[in-house]
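Reviewing the structure listed below.
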Amino acid sequence: MTHPIRTLDEQDEPALLRDQFRQLLRYRALLVTGVVLGLLGGAVLALSGEDTYTSTGEVQVRSATADPFATGASADKGINIGSERQTAVSDTVGTLAARTLAEKGDTVEARELLRGLQVTNPPNTLTLRFAYTDLTPRLAQSRATALADAYLKIRRQRTEDSIENMADGYRAQMKPLVEQRDQLERSGGGQADDTDNARANLVVAISELNRKIVELGALDTTPGYLNKKPVAPTAPTGAGLPMLLALGGVVGLALGLLLSWVRLVFDPAVRSTRELVRSLGAPLLGTLPRERGAAGGLLAIGRGGSRLAEEYRAVAFRLAYDPAFARARRLLVTAPRGDNAAASAAAANLAAAFAEMGREVLLVEADLRTPSLAGQLGPAARDARPRWAASGEEDGNWPSGSRADVDVPGAGAFILVAGRPVDNVPRALTSAAVGRILAEGDRPGAVVIVLAPPVLSYADAVALVDRVEGVMVVCDPREVHRNDLERIREIISASGGSVLGALLHPSRGRLARRRASREQGGSRRDGRRKQGRRRGSPGTRSPGSPEEADSSGGGGRPGPETTGDPSETLGLRRPFGTPAGRP
C-alpha cells in the first residue's frame, strides 16, 4: 500500500518561522557585532558612571483623630495620598529640611536637595517611601532623614493650624452670644418668661460651641509614623557590572537581530531553498556536503567513504529516472555566473556516476574560453582518437584531437572531449562535429554531459540548449540572486530547453572567492592573448574562409568575425538551432 507524499504547505507558520530564523542566522557577523556593541555599552555605563548610594525611609501617614480606638475609626479618613506625595516633594519641605541640615553643617539649597529625592507610594498603602540618592552613604542617610522629618513637621504644623483656625472660628461665633447673654442678665426685663427662655437658648448655643472647641483641642495631631528609619547604605545602588553586561548583551542581541532582518530584507541573494525552487521553476536535485578530502582531486567518486560521492550518485539516480532526461539522455551543466569550478566538478562526478551505473558516458567540455577540465582530471585522462571523426576530418580544429578516456577507480571509465581555446567560440559550438558528438546520446545506454560556461556570463550555453535540452544549474545559494535564477529560467525556456533542477554546492569564504575570481580573470586574459597571437600568425585562417565555413557546417557561408568580446556571441547562434546529429 502506498501513501501519498505530503507536500510542505508554504503557509505553515512554524515552518516559516524556522525558515526565517535560519535566514537571520546567516548573518552571524551582524549578530556578533550587535552583541559586542551591547556588551561594550554596558561596560562603559558600568565603569564610567560614579557610584551613588541610596538611603530609604518609610513614613506612614495618618489623619488627626479624637479617639483612634473608637469603633469605625478609619486611619485614611480625609487623606489623599497623591496630594501627600506632592507635599513631600514641595519646596516647603525642602526649605525646612535644608534649614535643619544647615544647623548640622550641611549647607545645601532646597532645589539641589530635592533633586536627589524620590518619593513613591506602594500600592494600597498609606505609606510614603523617601529615597535619597547621593555620592556618599552618610549624606544620603542624613538628607533622607531630614526630608522625612521635615514632611512630618510640615504636616503636623498644618494640622495644628487647621485646628487653631477652627477654634478661632468657634470663638468668633461664641463672642456675640456671650455679649447677648450678659446684656440680658444686666437688663433683667419686664417679662421674666421671655428673658429666661432667651437666656437659656444662648447658654445652650454657647455650651455647644465650647464643646466643639474643647473637642478640637483634644484631637490627636500626630501626622504619621516613621516606620523605617533611613540608614547608611553599605553598597552602591543601581545595576552592577555583571547586570549591565547582561542587559547590554540582551540589547545587543536584539540590535543584531534587527540589523540581520534589515540586511535580509534588502539582500538580493536567494534566502531559502523554497525561494530558489520558486525562482528557478525547477526542483532541487541535491545539496553537496562540505568535505575536506574533496580538495585532493576533482573526482569524489572512487574515494571510499565519501559523503560527496554519495550525493553525486543520488543526483545521478534521480536524473536517470527523470522522464525529461530519459527522453534525450543529454544534460547541460552550467553555473549562473562567476567561477565555473563547481559546475566542472559536478559534470565530472556525474559522468563518473553514470559510468558506474553501466552507461556509456561522453563528457564534453564546451568551455572553450577557460578550459581546465583535462588538467584537473590529471593522469586519469588518456588521449584517444574519437570515433566520430572520420578520416579526412582531422583538421586540427576543436573537437578533433581532444578526446580522452578517463578511468575512475572502481567505477569504470567515461570519454572526455576536453575544451581548447579557439578563435570563434560560437562557430565551434554550432559546428557539425559538435552535432555528431551530441548525437551520441541517441544510442541506447549512452549519456552525454556537456559542461558550459556560466549562462549569464556568456551565450555559449544558450547556443547548445536546443540540442541538449535538459539543463542543470550548479550554484551557491548564498551568492546567486533571485533575479539571476528567474532570468536563467526565461533564457533557457525561450531557447527551447528546460531546467531539470538545481544542485547546490557549499559556500566558500571571501578569500577563496577572490582568489578564484583573480585566477579566472587571469586565465581569460591569457586565452585572449593566445587568440590574438593565433589571429596575427601567418597561415591562420581568417573567419569566413572556405575551410572554416566547412568545419562550422555553414554550407560555405562566411560567419561573422569576433574580437574576443563575449557580448558578441549573443548574435552568432543560428535562429532555429541545429538538430542533434545533423550537420
Side-chain angles (χ1 to χ4, degrees), residues 49-102 104 106 108-166 219-240 243-244 247:
E50 297 181 352
D51 291 338
T52 57
Y53 298 85
T54 301
S55 181
T56 304
E58 293 183 356
V59 174
Q60 181 181 354
V61 184
R62 67 184 296 272
S63 59
T65 180
D67 186 3
F69 305 103
T71 303
S74 177
D76 59 350
K77 182 180 179 181
I79 295 179
N80 188 333
I81 197 65
S83 299
E84 296 297 332
R85 181 178 174 275
Q86 295 298 322
T87 302
V89 295
S90 63
D91 292 341
T92 306
V93 174
T95 302
L96 181 58
R99 189 180 303 119
T100 303
L101 291 172
K104 298 179 180 179
D106 183 11
V108 61
E109 296 182 357
R111 293 296 180 90
E112 183 181 355
L113 178 63
L114 293 174
R115 194 174 295 119
L117 175 64
Q118 184 179 10
V119 180
T120 58
N121 168 234
N124 302 323
T125 63
L126 294 177
T127 301
L128 293 179
R129 183 174 295 162
F130 288 76
Y132 195 87
T133 303
D134 205 275
L135 298 178
T136 60
R138 186 185 61 81
L139 284 178
Q141 177 195 11
S142 61
R143 292 182 179 181
T145 304
L147 287 166
D149 292 340
Y151 166 73
L152 292 176
K153 289 180 181 179
I154 291 295
R155 196 164 188 281
R156 178 187 290 273
Q157 183 64 39
R158 290 182 176 179
T159 302
E160 293 178 349
D161 290 344
S162 297
I163 293 174
E164 186 63 28
N165 290 335
M166 292 182 67
L219 287 177
D220 182 7
T221 59
T222 303
Y225 303 102
L226 189 61
N227 291 341
K228 180 181 179 182
K229 186 177 181 180
V231 295
T234 57
T237 57
M243 181 62 70
L244 287 178
L247 291 176

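- Counted within 6.0 Å of CD on Glu160, heavy atoms from surrounding residues, nucleotides or ligands total more than 12; the atom is thus considered enclosed.
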>> The test is salt bridge (Lys or Arg N to Asp or Glu O under 4.0 Å); show your working for Glu58 and Lys229 and say whether it passes.
In response: CA-CA 7 Å; Glu58 293 183 356; Lys229 186 177 181 180; over 6 Å; no

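- The line from CD of Glu109 to CD of Glu112 is 6.5 Å long, rounded to the nearest 0.5 Å.
- Lys228 places none of its side-chain heavy atoms less than 4.5 Å from the side chain of Thr127.
- Between Val59 and Ala148, the shortest heavy-atom contact is CG2-CB, 4.1 Å.
- Between Leu128 and Gln60 the shortest side-chain heavy-atom distance does not fall below 4.5 Å.
- Proximity of Thr145 to Leu147: side-chain heavy atoms (C-beta onward) are nowhere separated by under 4.5 Å.
- For the pair Leu96/Thr92, no side-chain contact is recorded, criterion being any heavy-atom separation below 4.5 Å from C-beta on.
- A donor-acceptor pair is defined here as one N or O able to donate and one able to accept, closer than 3.5 Å; such a pair exists between the side chain of Asn165 and the backbone of Asp161.
- Using a 4.5 Å heavy-atom threshold, the side chains of Ser142 and Lys104 count as separate.
- Atom OG1 of Thr159 and atom CD of Glu164 lie 13.0 Å apart (nearest 0.5 Å).
- Residues Leu135 and Thr52 have side chains in contact (heavy-atom distance under 4.5 Å, counting atoms from C-beta outward).
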> How far apart are the C-alpha atoms of Glu84 and Asn80, what are their side-chain angles, what is the distance that settles it, and do they pass the side chain to side chain donor-acceptor pair (under 3.5 Å) test?
Replying inline: CA-CA 6 Å; Glu84 296 297 332; Asn80 188 333; over 6 Å; no

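- Arg62 and Thr222 get closest at one heavy-atom pair: NH1-O, 3.1 Å.
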>> Determine whether Tyr132 and Gln141 satisfy the following criterion, side chain to side chain donor-acceptor pair (under 3.5 Å), listing intermediate values before the conclusion.
In response: CA-CA 8 Å; Tyr132 195 87; Gln141 177 195 11; over 6 Å; no

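- In this structure, Tyr151 and Val93 approach most closely via the heavy-atom pair N-CG1, 3.8 Å.
- Looking at every heavy atom in both residues, Val108 comes nearest to Leu113 through CG2-N, 4.0 Å.
- Between the CZ atom of Arg143 and the CG atom of Leu114 there is a distance of 11.0 Å, given to the nearest 0.5 Å.
- The distance from atom CZ of Arg85 to atom OG of Ser90, rounded to the nearest 0.5 Å, is 12.0 Å.
- Within the 3.5 Å criterion, the main-chain N or O of Val231 finds a donor-acceptor partner in the side chain of Ser55.
- In this structure, the side-chain hydrogen bond (donor to acceptor under 3.5 Å, both in side chains) partners of Thr54, at least two apart in sequence or on a different chain, are Thr133, Thr237.
- Taking CG of Asp134 as the reference point, atom CG of Leu117 lies at 12.0 Å (rounded to 0.5 Å).
- In plain terms, the two heavy atoms of Pro230 and Gly57 that are nearest each other are CG-CA, 3.8 Å.
- When atom types are taken as modelled, the side chain of Asp91 and the backbone of Thr95 share no donor-acceptor pair closer than 3.5 angstrom.
- Taken to the nearest 0.5 Å, the CD1 atom of Ile79 stands 5.5 Å off from the CG atom of Leu126.
- Across all non-hydrogen atoms, the minimal contact from Pro223 to Arg155 is O-NH1, 3.0 Å.
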